[in-house]
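Worth knowing before you read on, the calculation uses all heavy atoms, side chains too, and leaves out hydrogens, waters and symmetry mates.
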Amino acid sequence: IWDDHEYGSNNADKDFKFKIEALELHKMFWPNPAFGTENNPGIYYRFSYKDTDFFMTDGRFYRTLELIPNAEMLG
């Protein structure tokens with residue numbers, strides 16, 4: 001899971017100009033078991049360990065500005 005410094009400038013959001021390129025670079029260097037879905041790209045995924053489910057969320061790719069009405073974080 002990336003922080004805003006791997007994704008773009010400080011507090012970058014869904015309007016980051018190079019978000020697709022950042023996603024492709026992240027795929028090259030991080031061995032995540034999955035990267036979003038075919039219809040909804042990103043770096044989120046889930047996995048289970050014993051009786052626990054883990055949800056790794058992407059808080060950048062779909063994030064909108066927090067100050068606008070109906071702001072989104074996870075798409």
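Sorted by first and then second residue, the salt bridge (Lys or Arg N to Asp or Glu O under 4.0 Å) pairs with a member in residues 7-22 form an empty list; sequence neighbours excluded.
Distance check, rounded to the nearest 0.5 Å: CH2 of Trp30 to CD of Glu6 gives 7.0 Å. If you take NE2 on His26 and CG on Asp58, they are separated by 8.5 Å, rounding to the nearest 0.5 Å. One distance of note links OH of Tyr45 with CZ of Phe47; it measures 6.0 Å at 0.5 Å rounding. The OH atom of Tyr7 sits 6.5 Å away from the CZ atom of Phe16 when rounded to the nearest 0.5 Å.
Checked against salt bridge (charged side-chain N to carboxylate O under 4.0 Å, His left out), Glu24 has the following partners two or more places apart in sequence or in another chain: Lys27. Asp53 meets the side-chain hydrogen bond (donor to acceptor under 3.5 Å, both in side chains) test with Ser48; sequence neighbours excluded.
Inter-residue side-chain proximity for Ile43 and Trp2 is flagged as met; some heavy-atom pair is nearer than 4.5 Å. Taking the side chain as every heavy atom from C-beta outward, Phe35 and Pro41 never approach each other to under 4.5 Å. Residues Tyr44 and Asn32 have side chains not in contact (no heavy-atom distance under 4.5 Å, counting atoms from C-beta outward).
Within the 3.5 Å criterion, the main-chain N or O of Ala12 finds no donor-acceptor partner in the side chain of Ser9.
Tyr62 and Phe18 end up in the same hydrophobic cluster when Ile, Leu, Val, Met, Phe, Trp and Tyr side chains are linked at under 4.5 Å.
The local environment of CZ in Phe55 is crowded, with over 12 non-hydrogen atoms from other residues, nucleotides or ligands closer than 6.0 Å.
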